[in-house]
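Quick notes on the structure that follows.
Residues take their numbers from the sequence shown, with the count starting at 1.
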Amino acid sequence: MREEKRIECKNDDVKEEKIAFEKIVVVGYALTSKKINSFLQPKLLTLARSKGISFVAIDQSRPLSDQGPFDILLHKLSGKEWRKALEDFRQMHPEVTVLDPPDAIQHLYNRQHMLQDVADLNFSDAYGIVRSPRQLVIKKDPSSIPEAVSKAGLILPLVAKPLVVDGTAKSHELALAYDQHSLQMLETPLVLQEFVNHGGILFKVFIIGEAIKVVRRFSLPDVSKQEWSKSASVFRFPRVSCAAATADDADLDPSIAELPPQLLLERLAQELRHRLGLHLFNLDIIRERGSKDRFYVIDINYFPGYGKIPDYEHMFTDFLLSLVQSKYKTNSAGVC
């Protein structure tokens, strides 16, 4: 754990305390091997050491309370046993910052709930409007889908997504259904979202605490009424965006490529951090084609691929240090 040395200063008008840290910040991590390889890159570990941060692997075969001590616990694992162990650890060690609460993370893994906070927020300000596409959850037999879609008044084509996000490739497999007949070819349980034409460009908004980084990705092309009215099939694809298909350097129409206003994203991220109870997530956002300021959040992901964005190591280490400094500042409140 990071120890502290307090230098007290008394003043009639101002009470302040300076804290000089003497030991490193210990970050215990419990991540999949894939996440370790993509996130704990040498450049991150080197910068972390220079800033007094040490990443320590958690042994999943041993009780959490037998390990440490930790200042911060960073995790992205699945399973009921792990969530229970982590929740028990949080209760026993409130002094450790857990990134992030398991219940809050679990909330994002169900697409029925994932975008509800965006819908409830009904966000709009001087810089734009942010909504989520109209959607419908189907848990029954696929033959019931056409009737349910008609009753809900959803407009074709529809994007079909697996209801549960469990980290597997299959949970990211999506489909575009063009007509009523093709709807019966889908696998349940699923979520159906109205497809919004967006110029084939998606904005991935990476959030690390209060820091925000936006990158462009190629997405599905626009669909005209003439095109989808002639189609009677399901178009399947791995996911809406592909990390390798960066659009940051592409020659694009400015009306499509222009990033969402920074102030709008900052306000939106602040609201969702509070509602979701999370520090580490990303938003997949599209701009409605033909509109300058109407945006849709189509997906939210916990602890996304930060290693793919420029300078993520600086953003992340600064974030970790800010957590520790904030904690010590809070614990030291009232000391003059």
Check Val223 against Leu176 and note the closest heavy-atom contact, atom names and distance. CG2-CD2, 4.2 Å
How far apart are the closest heavy atoms of Pro102 and Glu87, and which atoms are they? CG-OE1, 3.3 Å
Main-chain N/O of Val205 paired to Lys213 side chain as donor or acceptor, under 3.5 Å: no
Checking Glu194 side chain against Ile155 main chain: does a donor-acceptor pair fall under 3.5 Å? yes
Would you call the rings of Phe319 and Phe316 parallel, tilted or perpendicular, where under 30° means parallel and over 60° means perpendicular? perpendicular
For His198 and Phe195, I'd like to know if the aromatic rings sit close, meaning centre-to-centre distance below 6.0 Å. yes
Assess whether atom CD of Gln270 is packed by more than 12 heavy atoms of other residues, nucleotides or ligands within 6.0 Å. no
So Phe295 and Arg131, do their side chains get closer than 4.5 Å, heavy atoms only? no
If you measure from CG on Asp120 to CG on Asn122, what distance do you get to the nearest 0.5 Å? 9.0 Å
For Ser150 versus Gln180, what's the shortest heavy-atom pair and its separation? OG-NE2, 3.4 Å
Quick one: does any side-chain atom of Gln67 pair with a main-chain N or O of Arg62 as donor and acceptor, under 3.5 Å? yes
Using distance alone, with no hydrogens and no angle criterion, decide if Asp179 and Ser182 have a side-chain donor and acceptor under 3.5 Å apart. yes
To the nearest 0.5 Å, how far apart are CG in Leu323 and CG in Asp71? 10.5 Å
Residue pair Leu259 / Leu265, side-chain heavy-atom distance below 4.5 Å: no
Hey, does the side chain of Asp222 reach the backbone of Gly199 with a donor-acceptor pair shorter than 3.5 angstrom? yes
Enter the distance from Glu313:CD to Tyr306:OH here, rounded to the nearest 0.5 Å. 14.0 Å
Tabulate below the donor-acceptor pairs under 3.5 Å that side-chain atoms of residues 38-48 make, not counting sequence neighbours, or state none.
residue	atom	partner	partner atom	Å
Ser38	OG	Lys34	O	3.3
Ser38	OG	Lys35	O	3.2
Gln41	NE2	Ser38	O	2.7
Thr46	OG1	Pro42	O	2.9

Check Trp82 against Ala30 and note the closest heavy-atom contact, atom names and distance. CH2-CB, 3.6 Å
Are Tyr296 and Arg294 linked by a side-chain donor-acceptor pair shorter than 3.5 Å? yes
Show the nearest heavy-atom pair for residues Gln184 and Ser143, with the distance to one decimal. OE1-CA, 4.3 Å
Answer yes or no: is there a side-chain heavy-atom contact under 4.5 Å between Arg267 and Phe123? yes
Derivation of the salt bridge (Lys or Arg N to Asp or Glu O under 4.0 Å) call for Arg287 and Asp293: CA-CA 7 Å; Arg287 175 191 285 111; Asp293 60 0; over 6 Å; no
Residues Glu258, Lys292: salt bridge by 4.0 Å N-O rule: yes
At their closest point, which heavy atom of Met92 faces which heavy atom of Ser65, and how far apart are they? CE-OG, 3.5 Å
Pairwise side-chain contact, Ile212 with Phe206, heavy-atom cut-off 4.5 Å (strictly under): no
Does the side chain of Gln106 pick up a donor-acceptor pair with the side chain of Arg83 at under 3.5 Å? yes
For the side chain of Arg273 and the backbone of Gly209, is there at least one donor-acceptor N/O pair under 3.5 Å apart? yes
Just wondering, are more than 12 heavy atoms of other shown residues or ligands nearer than 6.0 Å to OH in Tyr109? yes
List for me each residue that meets ring pair (Phe, Tyr, Trp, His ring centres under 6.0 Å) alongside His314, sequence neighbours excluded, and say none if there are none. none
Less than 4.5 Å apart, side chain to side chain, heavy atoms only: is that true for Leu74 and Leu280? yes
With a 3.5 Å distance limit and no angle check, can you tell me whether Thr188 reaches the backbone of Lys140 through a side-chain donor-acceptor pair? yes
Using only atom types and a distance under 3.5 Å, with no angle test, would you say the side chain of Arg90 pairs donor to acceptor with the backbone of Pro94? no
Does the distance from a Lys or Arg side-chain N to an Asp or Glu carboxylate O, for Asp284 and Arg217, drop under 4.0 Å? no
Could you check whether atom CD of Glu266 has more than 12 heavy atoms from other residues, nucleotides or ligands sitting under 6.0 Å from it? yes
From CG (Leu283) to CD1 (Ile298), nearest 0.5 Å: 11.0 Å
Asp299 side, atom CG; Lys161 side, atom NZ - distance, nearest 0.5 Å: 4.0 Å
Rounded to the nearest 0.5 Å, what separates atom CG in Leu108 from atom CG in Leu278? 5.5 Å
According to a 4.5 Å side-chain heavy-atom criterion applied to Ile, Leu, Val, Met, Phe, Trp and Tyr, with indirect links allowed, do Leu115 and Ile129 form part of one hydrophobic cluster? no
Would you kindly say whether His75 and Asp100 are connected by a side-chain donor-acceptor distance under 3.5 Å? no
